Amino acid sequence: MDNTRISAILKEISILLELKGENPFKARAYQAAARSIAALQEPVAALVAQGRLSEVPGLGPALVEKVTELVMAGRMAYYDDLSASVPDGLLEMLAIPGLGAKKVRAIYDHLGITTIGELEYACLENRLATLEGFGQKTQEKILKGIEQLKRYRGHHLLSQALQDADALVQALRAHRSIGRVAVAGEVRRRMEVVRTIDLVAGTDQPDTVIAALRPLGEPSLTSAGTVTLILPSGIPACIRVVPDEEFAVALYYWTGSEAHRALVEERARVLGVTLDERSRDGVPIDGSEDAPVYRTLGLQFIPPELREGTDEVERAAHQMIPDLLTADDLRGVLHVHTVYSDGTHSVQEMADAARGLGYTYLAVCDHSRSAAYANGLSIERVRQQHREIDALNAHGRGLRILKGIETDILPDGNLDYPDDVLAEFDLVIASVHSRFTLSETEMTDRIVRAIRHPSTSILGHPTGRLLLAREGYPVDVRRVIHEAVEHGVILELNASPHRLDLDWRHLRYAQEHGAKISIGPDAHQARELQDVIYGVGIARKGWLSAKDVVNTMTADELLKFLRHKKSKTR
DNA sequence: GCCGTTTTCGGCCCGACTGTTTTCAGTCG
C-alpha cells in the first residue's frame, strides 16, 4: 500500500469523524497525519519495517498502531467500522457548497436522508426549509449546488485521466501482438476536464486487447471493434481496435473534435478526396502518428491541442500554425508555497526538487498576512524568509530562489502589505481569495485596481475557478486582459490540475492582444512541481509559443523584465 | 488524537460572511 493511499484513508477518517460529530480536534489530528504522510519522501512501509513510524510528525502511539495495521494487513479495522457506520451518500453531500459536516449530519438525523437524490427531492418538497437551523435560502443554495454537481457528473480532471491513460498504454504495449498504441480523444487534446479516455490500438486481435486490460477492470468488446472498460478511478475508457495499417487515420479520427473533423472533411471535399475513419479514398495512410493525414490534404500538421474546430484548418492551409510551447522551453518555476504558509515542504526542499527537475530558478510565493487560514506571512516572517533565501542563494548550486509573494487582493482592490514592503519582493503575484460574491463590475474593478498597483507582477488564477467544484467568480476577463497588457502585468496560467486558470479559451484572446503569461504550478508540496505539464498542455491549447510565456526567460531576463515594468508604472 | 510541558492535562488557526436567528452556529478560504 503506497503513501498516497494511506494518506487518503486517514483523510477520509477525518471526514467521517466530522460527520459523526466527534471531537473536531481528533478529526484534525487525522488530517494532519494524512498531510504529513503525503509529504514523506520514503515509503511508509519502509518506515514500518524499520520501526521508525513514530518519527513522523503527527503520528502518536494510536496512529502508529493503526497505520502499521494498515500496512501489514492491508486494512484497518477502525476505518472499516467507521466507514460502514456512515452512508456513502453523506460524504458525497459534502461536495455541495454550503453544506458542511454539521448540516449534513442534521439532514441525516432528522430527515433520514442518505443520498443526494433524496436530498434534492426533500428540497423540492420544501422539507429542508422547515428544519431547525435551515431556511429558504439554504434550501435554494443546496438545490443550486445539486444542479452544479449534476453538470459536473461524468467529468474527470485531466490529471487523473492522463495518469490512467498512461497505465492503459503501458498495459497494451506490454503485449507483443499489439502494434501501435496511442492516446486519442479529449485527453490527447488536453481538455481541462474529460468524459472518457480514448485510445487507438493497432492489431487485428481484439481478444489480446481484452486480455491486456483485464488487470485494470472488466473490459468488454462492443460490436464496432471497440473495447470498453471502467477504470478504478471511475473514468470510462474506449480502445478503438483497428488493423495496424489503418492506425494513422483512426488516430486522427478518434482524436477529434467533431467540429475539427468537420473542417478537415470540408477541406477534403474541396480537394475531391474522401476521408473516413479508416482511410483516404479507401487506401490506408501509413504512419505511427496522424501527421500523414494532414500532409495528404496539403495541410501543415495541426497539434492535437488545437483541434477544436475554430480556425486551425484555415491556418494550417496557410502554414500559419505557430511553434507551440513545450515543457522543455520552461526554465523557471513561478508560484510555489512552503512551510512558511500552507505548503508541506521547506524552501530548501522545494528548491532541491526544482533543481532536480532541471529548472534554474524558483519563485517562492507564500500567502500574505490576511490569509490567516493559510498561515499567511506577517511582515516579520517575510523578512525572516528573505534572510533564509539569501543564505540559500549564497551557495545556490545552480538554482536561484526568487523572493516572491502571493498577496491577497483585498476586497477594495488594495494589496495586503504596505508599498515599501511590497517593493522588497522580486515578484508579486496578486490573487483573489475571499469575497467571491461581489457583482461582476465590483469584482472587475477590484482586480483592475490590483493590476494598476506598481508592485503587481502577476495576476494569480484570474477567475478563481476550481474545476468540477466551484465556478469562477464573476469577472470581465477581457477587460482584465486589456488592463494587464496596458500596465505590463503578467497573467497567470495556474497549472494546478484543479484550476488551469486562465482558461485556454481566454488564453488565445490574451495572446492575440499582447498579454504575457506565466505558468505556475501553485505547488503546495514538492511533487506538485510536476503539475506544470498540465499548464503546458493548456498553454498549447491557447496557441501560446515560448515567446508568450515569461518563465521561458532566464532569471536575469525575467528580473529585468519585472524591473522595467516597475520603473514604467511608478 | 497529538503535542509539549505546566510531568498529567489543556490547547489545538482564525476572521469574515451568511443565514438563521434575535445573539449565534456553520461554512469557507
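Worth knowing before you read on, the calculation uses all heavy atoms, side chains too, and leaves out hydrogens, waters and symmetry mates. Values in this document were obtained by computation on a predicted structure and should not be read as measured data.
Comparing dG15(B) with dG10(B), their C1' atoms are spaced 24 Å from each other, to the whole Å. Look at the P atom in both dT23(B) and dC28(B): the space between them is 26 Å, to the nearest Å.
One atom, CG of D416(A), and another, C1' of dC14(B), lie 14 Å apart when rounded to the nearest Å. In this entry the distance linking CG of L53(A) with P of dC2(B) reads 11 Å, nearest Å. Remark: C1' of dG15(B) and NE2 of H367(A) are 16 Å apart, rounded to the nearest angstrom. Spacing between atom CG of D408(A) and atom C1' of dA16(B) amounts to 13 Å, rounded to whole angstrom units.
The residue from H345(A), Q525(A), E406(A) that alone fulfils the side-chain hydrogen bond (donor to acceptor under 3.5 Å, both in side chains) condition with H337(A) is E406(A).
To the nearest 0.5 angstrom, L111(A) atom CG is 7.0 Å from T130(A) atom OG1.
DNA chain B is contacted by both R435(A) and P57(A); P57(A) maps to the nucleotide lying nearer its 5′ end (nearest heavy atom per residue).
Contacts of D426(A) classified as salt bridge (Lys or Arg N to Asp or Glu O under 4.0 Å), with partners at least two apart in sequence or in another chain: none. Partners of F134(A) under the ring pair (Phe, Tyr, Trp, His ring centres under 6.0 Å) rule, at least two apart in sequence or in another chain, do not exist in this structure. A search for side chain to side chain donor-acceptor pair (under 3.5 Å) contacts involving K516(A) returns nothing, not counting sequence neighbours.
Searching all strands for a Watson-Crick or G-U wobble partner of dT8(B) with both distances below 3.5 Å returns nothing.
Here the side chains of Q136(A) and N126(A) are in contact, with some heavy-atom distance below 4.5 Å.
Contacts of residues 13-29 of chain A with DNA chain B (heavy atom under 4.0 Å): N23(A), F25(A), K26(A), R28(A), A29(A). Of the residues in residues 108-120 of chain A, not one places a heavy atom less than 4.0 Å from an atom of DNA chain B.
Nucleic acid contact class of T437(A) (heavy atoms, under 4.0 Å, all strands): sugar-phosphate only.
Taking the centre and axis of the six-membered ring of Y509(A), the NZ or CZ atom of R478(A) falls inside the cone set by 45° and 6.0 Å.
Salt-bridge formation is not detected for the pair R381(A)/D366(A): no Lys NZ or Arg NE/NH1/NH2 atom is positioned less than 4.0 Å from an Asp or Glu carboxylate oxygen.
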query: Passes ring pair (Phe, Tyr, Trp, His ring centres under 6.0 Å), H433(A) versus H461(A)? Steps please.
result: CA-CA 10 Å; H433(A) 287 121; H461(A) 44 73; 5.1 Å; yes

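Not one N or O on the side chain of D531(A) forms a donor-acceptor pair closer than 3.5 Å with the backbone of S496(A).
For the residue pair D416(A) / S368(A), a side-chain donor-acceptor distance below 3.5 Å is found, with atom types taken as modelled.
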- prompt: Nucleotide by nucleotide, 5' to 3', does protein get under 4.0 Å of the base (B), only the sugar-phosphate (S), or neither (-) in nucleotides 20-29 of chain B, counting heavy atoms?
  reply: SS----SSSB

